[in-house]
Amino acid sequence: MINVQFPDGAVRNYAPGSTPMDIAKSISEGLAKKVLAASLNGTVCDAATPIHADCTMRLLTWDDADGRSTFWHSSAHLMAEAVEQTIPGVKFWVGPAVEKGFYYDMDLGDRHLTEEDLVALEKKMNELAKKNSPYVRKEISKSDAVQYFDEKGDEYKLDLLAGLEDGTITFYTQGEFTDLCRGPHIPHTGLIKAIKLTSIAGAYWKGDEKNKQLTRIYGVSFPNQKELDEYLLMLEEAKKRDHRKLGKELGIFTFDDDVGPGLPLWMPNGTVVIEELEKLAKETELDAGYKRVVTPHIAKESMYLTSGHLPYYQDSMYPPMELEGIKYYLKAMNCPHHHKIFAAEPRSYKDLPLRLAEYGTCYRYEQSGELFGLMRVRCLHMNDAHIYCSKEDFAEEFRAVNDMYIKYFGIFGIEKYVMRLSLHDPAKLGQKYIDEPELWIETEQMVRKVLIESNIPFVEVPDEAAFYGPKIDVQIWSAIGREFTLATNQVDFAQGRRFGLQYTNKENHPETPLIIHRAPLGTHERFIGFLLEHYAGKFPLWLAPLQVKLLPISDRFNEYAHATCAVLKKAGLRAEVDDRSEKIGKKIRDTELMKVPYMFIIGEKEVGENTVAVRRQGKGDVGQYSISEILTTLTSEINNRHNN
RNA sequence: GCCGUUGUAGCUCAGUGGUAGAGCACUUCCUUGGUAAGGAAGAGGUCGUGAGUUCAAUUCUCAUCAACGGCUCCA
């Protein structure tokens, strides 16, 4: 007998060769019907895998992430079967599960799919699913596998096989479809009860744009119709929080064809948010010893040759304008300008760390297909600063920058974040990365050490660094689950030297400073896009474009409302009176929809008692207050940047 | 940049080979109403842009621009 330990610690005995499915059945038929796969000693496998030795086992169902991903992977195979039966001659590449669903990449030759094709494929998949075809695993020798796909003329699978070791190759077959696949898979297709093919996309083979573009079909599937309906409903809800929709509704920003793609126009309401954010940044940076600078939007070609940006990023800079034989570029980054400010005066170690900050306007010619609402734009305002420091100061400065990030997360209520430490790839030195092998290793070590010492959660990502040094990207998630790279924080050991930046050290020798590039609030564009989704458009009071709307119940109280509004404005609040001849219910509704945090309702009673009836957006009536009383409350809420 | 989809009023969307419609928003009038939509009238569109087919194009074809879903990219 073999001992199988369950997740709760219980150990039970089974006959050798029993499968997780056998074990599930011995517990209950109901459980067995739900089992999608199993985890044996932490490795996910088919529920039909025979167990020959003592192990720990976990039965995976829809409730486990691994269970769902197995389910979706099997769904991808089911889709491939449907495609193969619909489109003869199709060749498949890979079809994995993704975060929410699955896709399969395929070469359809000249055939182009339409939405109707998806509907037909969905139907076909449902028919195939109902056959309850088991997913059958078969181990096969490499030569047999090669022969199989050779006969099929499938160069894609042959390419996959080329990278595999003999003895590790498995095929999975369900119904009439056989695929090279390491598995695992769910027991049979009948478990897939609800399917939605969501989109068709082009995807380059092996993710390389030089390669042929394959057709990718995305889909999602569920063990019952209810879950699919809920998922579709959730998508609808997410749409309502989309920053593009909210930005339009709330008058935050707009785009115009005549201005150009990716060039947002900030409307008055959006500009209020921008100004509040800048106020926060300026206060914070002043406290942290930064100095503000202002630099031009353009610079000569020579500066970008000096910085080394031009060869790396020319394609994503607006083409130069040429005047009197000299080329000028719109700036795509602020650093070179700041370096020139550092270089403008002789510097001593006593001037360091020198921290230069600017909300710089940059222009980047992002590829047309990259543009996305406020998240990817061609004109951006960066919460930028460059810290020039000695090697000895580096750790402390870097730590202080991280502290600033954390402080901001607190203010905005950002709870979920991960820092990604992006490292260089030694193989690409001299091409993608500046050729300074030792400096790379040294600075990467320094950064890693600070992160570990500060207890900041981070993951390391190879081959993602900036060309001049390692960087830290801050990943955050909006309320609708969209992932953002909010900010980057980079170490630069290259540009200081390129610009000939020097300071005189204690020993009276010239030395090149290290530079930290940092932008904790990212860009206005991306950050406000994020905030719109994060708050679902309901900005906290300090950020709200309009803070108080005064709603007189009838025209008779307009005068009092305007007088009260004047008091609020004088106290620095953003307030307006709705003096339309509308009923109070209508005024409240309109104000609620505009997500104005406070409504002051003014009628007979309030005028008589010199008060206002206060209504909080989303909460309703919160009682009657004197003007001075409510003013104190609101002012304190604003000054503390209270996060709702 | 590449693959796919879409483009009709400020917004959300119908619709048609014979030069367009709804709801909301907007304007005016009536209404002066106590916590999420009071009533009436009116105004508003070169049907993304350009070309082609046709007696006739918003509708069909092609091109182009833009947005959207992805791929690639992101200092």
Side-chain angles (χ1 to χ4, degrees), chain A residues 98 103 105 108 112-115 117-118 198-218 239 242 244-245 248-249 251 254-258 260-262 304 307-317 331-336 362 364-373 375-377 380 382 384 422 432 464-469 471 473 485 488 490 492 494-495 517 519 526 551-558 580-593 599-606 613-622:
Chain A
V98 289
Y103 69 77
D105 282 352
L108 297 173
H112 292 277
L113 292 179
T114 62
E115 304 279 307
D117 291 322
L118 288 192
T198 47
S199 69
I200 308 164
Y204 298 109
W205 184 43
K206 297 185 177 179
D208 186 336
E209 63 181 327
K210 289 188 212 65
N211 287 342
K212 177 169 182 172
Q213 193 160 49
L214 306 177
T215 301
R216 174 175 296 181
I217 305 178
Y218 279 92
K239 260 190 203 164
D242 190 302
R244 292 164 296 188
K245 185 172 165 62
K248 179 104 200 157
E249 285 168 2
T254 189
F255 288 97
D256 185 284
D257 277 1
D258 266 344
Y304 296 111
S307 72
H309 283 98
L310 212 45
Y312 286 92
Y313 296 110
Q314 186 158 30
D315 287 348
S316 45
M317 291 175 78
K331 74 172 168 185
M333 72 299 294
N334 304 301
C335 30
C362 297
R364 296 180 178 181
Y365 193 79
E366 302 284 0
Q367 294 184 54
S368 58
E370 298 314 318
L371 301 175
F372 173 69
M375 299 306 168
R376 279 295 281 278
V377 290
L380 43 101
M382 220 192 308
D384 212 358
S422 299
K432 191 173 171 185
E464 293 274 323
F467 75 87
Y468 48 62
K471 65 173 180 174
D473 288 323
T485 299
T488 59
Q490 294 151 4
D492 178 354
Q495 283 198 61
H517 304 236
R526 192 170 286 191
L551 311 178
I553 284 175
S554 88
D555 293 354
R556 292 189 289 139
F557 315 115
N558 283 354
R580 297 175 303 166
S581 312
E582 290 291 351
K583 289 189 151 180
I584 193 65
K586 170 72 167 163
K587 291 184 184 184
I588 288 171
R589 178 180 158 80
D590 289 347
T591 313
E592 285 280 347
L593 290 177
M599 281 157 262
F600 291 178
I601 292 166
I602 292 161
E604 186 96 50
K605 194 161 169 237
E606 289 73 25
V614 177
R615 190 188 154 95
R616 188 77 164 93
Q617 199 273 339
K619 291 204 183 85
D621 195 351
V622 293

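Note on naming: letters A, B, ... go to the chains in the order of the sequence lines (proteins, then strands), and numbering restarts at 1 for each one.
- Per the geometry, CD belonging to A:Glu370 stands 12 Å off P belonging to B:C2, to the nearest Å.
- The same atom, C1', is picked in B:C47 and in B:A9; the two are 10 Å apart, to the nearest Å.
- In this structure, the separation between CG on A:Leu310 and OH on A:Tyr312 is 12.0 Å, given to the nearest 0.5 Å.
- The separation of B:G15 from B:G23, taken at their C1' atoms, amounts to 15 Å, rounded to a whole angstrom.
- Using a distance-only test at 3.5 Å, with no hydrogens or angles considered, no donor-acceptor pair links the side chain of A:Arg216 to the main chain of A:Gly202.
- Residues A:Lys432 and A:Arg580 both approach RNA chain B. Their nearest nucleotides, taken by heavy-atom distance, put A:Arg580 toward the 5′ side.
- With contacts defined as side-chain heavy-atom distances shorter than 4.5 Å, the pair A:Arg616/A:Met599 does not qualify.
- Put simply, CZ on A:Arg244 is 17 Å from P on B:A66, counting in whole angstrom units.
- Minimum atom distance to the side chain of A:Ala613 is reached by B:U35, of the listed B:A36, B:C73, B:U35.
- As judged by a 4.0 angstrom heavy-atom cut-off over every strand, A:Gln314 is placed among residues making no nucleic acid contact.
- Between A:Asp257 atom CG and B:G50 atom P there is a gap of 14 Å when expressed in whole angstrom units.
- In this entry the distance linking CD of A:Glu464 with C1' of B:U72 reads 13 Å, nearest Å.
- Taking atom P in both B:G7 and B:U12, the straight-line distance is 13 Å, to the nearest Å.
- Residue contacts shown for A:Tyr218 are limited to sugar-phosphate atoms, with no base heavy atom under 4.0 Å away.
- Candidate nucleotides B:C3, B:C11, B:A36 were compared by shortest atom distance to the side chain of A:Arg615, and B:A36 ranks first.
- Here A:Ala332 lies in heavy-atom contact (under 4.0 Å) with a base.
- Rounded to a whole angstrom, the distance from the C1' atom of B:C60 to that of B:C3 is 25 Å.
- Taking the charged nitrogens against the carboxylate oxygens, A:Glu604 and A:Arg556 do have a contact shorter than 4.0 Å, which makes a salt bridge.
- Among the atoms of the strands shown, only primed sugar atoms or phosphate atoms (P, OP1, OP2) are found under 4.0 Å from some heavy atom of A:Ile584.
- Using a 4.0 Å heavy-atom criterion, one finds that A:Thr198 contacts no nucleic acid atom at all.
- Phosphate contact (OP1/OP2 of B:G39, side-chain N/O of A:Lys586, threshold under 4.0 Å): absent.
- Comparing B:U58 with B:A20, their P atoms sit 10 Å apart, to the nearest whole Å.
- Distance, A:Lys583 NZ to B:C30 P: 17 Å, rounded to whole Å.
- Under 4.0 angstrom from either OP1 or OP2 of B:G1 there lies at least one side-chain N or O belonging to A:Ser368.
- The partner of B:U19 is absent, by the rule that a Watson-Crick or G-U pair needs both atom distances under 3.5 Å.
- Listed for the A:Arg615 side chain is no donor-acceptor partner under 3.5 Å among the backbone atoms of A:Ile601.
- Residue whose closest nucleotide on RNA chain B sits further toward the 5' end, between A:Ser581 and A:Val614: A:Ser581.
- Between A:Lys206 and A:Asp208 there is no salt bridge, since none of the side-chain N atoms of the basic residue sits less than 4.0 Å from a carboxylate O of the acidic one.
- A 3.5 Å limit on both hydrogen-bonding distances identifies B:G70 as the Watson-Crick or G-U partner of B:C2.
- For A:Ser554, taking side-chain heavy atoms from C-beta onward, the closest of the listed nucleotides B:G33, B:G69, B:G1 is B:G33.
- Looking at A:Glu592, its side chain does come within 3.5 Å of a backbone N or O of A:Gly618 through a donor-acceptor pair.
- Contact annotation for A:Lys471: backbone-only contact, meaning every heavy-atom pair under 4.0 Å involves sugar-phosphate atoms and none involves a base.
- Residue A:Lys210 places none of its side-chain N or O atoms closer than 4.0 Å to OP1 or OP2 of B:U72.
- When each of B:C73, B:A36, B:G33 is scored by its nearest atom to the side-chain atoms of A:Ile553, the top-ranked nucleotide is B:G33.
- Note on A:Tyr312: nothing from the nucleic acid sits closer than 4.0 angstrom, heavy atoms only.
- Rounded to an integer number of Å, the gap from CZ of A:Phe255 to C1' of B:C68 is 13 Å.
- Closest to the side chain of A:Ala203, out of B:C71, B:A67, B:G69, is B:C71.
- Interatomic distance, CZ of A:Phe467 versus CG of A:Asp492, reported as 7.5 Å (0.5 Å rounding).
- Using a 4.0 Å heavy-atom distance criterion, A:Leu214 is classed as making no nucleic acid contact.
- Residue-level contact check: A:Asp621 touches the bases, meaning some heavy atom is under 4.0 Å from a base atom.
- Remark: A:Arg556 is in phosphate contact with B:G33, judged by side-chain N or O atoms under 4.0 Å from OP1 or OP2.
- Within the shown strands, nothing qualifies as a pairing partner of B:A25 under the Watson-Crick or G-U definition with both distances less than 3.5 Å.
- Relative to the side chain of A:Pro261, the nucleotides B:A75, B:G34, B:A67 differ in distance, and B:A67 lies closest.
- Which of B:C73, B:A75, B:G34 sits closest to the side chain of A:Gln490 comes down to B:A75.
- Within the nucleic acid shown, A:Gly585 comes within 4.0 Å of sugar-phosphate atoms alone, with no base atom in reach, counting heavy atoms only.
- Rounded to whole Å, the separation between the P atoms of B:G48 and B:U16 comes to 15 Å.
- Across B:U64 and B:G1, the matching P atoms stand 11 Å from one another, rounded to whole Å.
- When atom types are taken as modelled, the side chain of A:Thr198 and the backbone of A:Tyr218 share a donor-acceptor pair closer than 3.5 angstrom.
- Judged by distance alone, the side chain of A:Lys587 and the main-chain N or O of A:Arg580 form a donor-acceptor pair under 3.5 Å.
- Here B:U64 sits opposite B:G48 as a Watson-Crick or G-U wobble pair (both hydrogen-bonding atom distances under 3.5 Å).
- Within 4.0 Å (heavy atoms only), A:Gly207 reaches sugar-phosphate atoms of the nucleic acid but no base atom.
- Taking the side chain of A:Ala201 as heavy atoms from C-beta on, and the options B:A36, B:G70, B:G4, the nearest nucleotide is B:G70.
- Out of B:C71, B:C74, B:G34, the shortest distance to the side chain of A:Glu604 is found at B:G34.
- As judged by a 4.0 angstrom heavy-atom cut-off over every strand, A:Gly469 is placed among residues making no nucleic acid contact.
- Distance check on atom C1': B:U54 versus B:U59 gives 13 Å, rounded to whole Å.
- If you check every strand for non-hydrogen atoms under 4.0 Å, A:Tyr103 touches nothing.
- If you measure from atom CG of A:Asn211 to atom P of B:C3, you get 15 Å, rounded to the nearest angstrom.
- In this structure, CG of A:Leu593 is placed 18 Å from P of B:U35, rounded to the nearest angstrom.
- Among the atoms of the strands shown, base atoms are found under 4.0 Å from some heavy atom of A:Tyr313.
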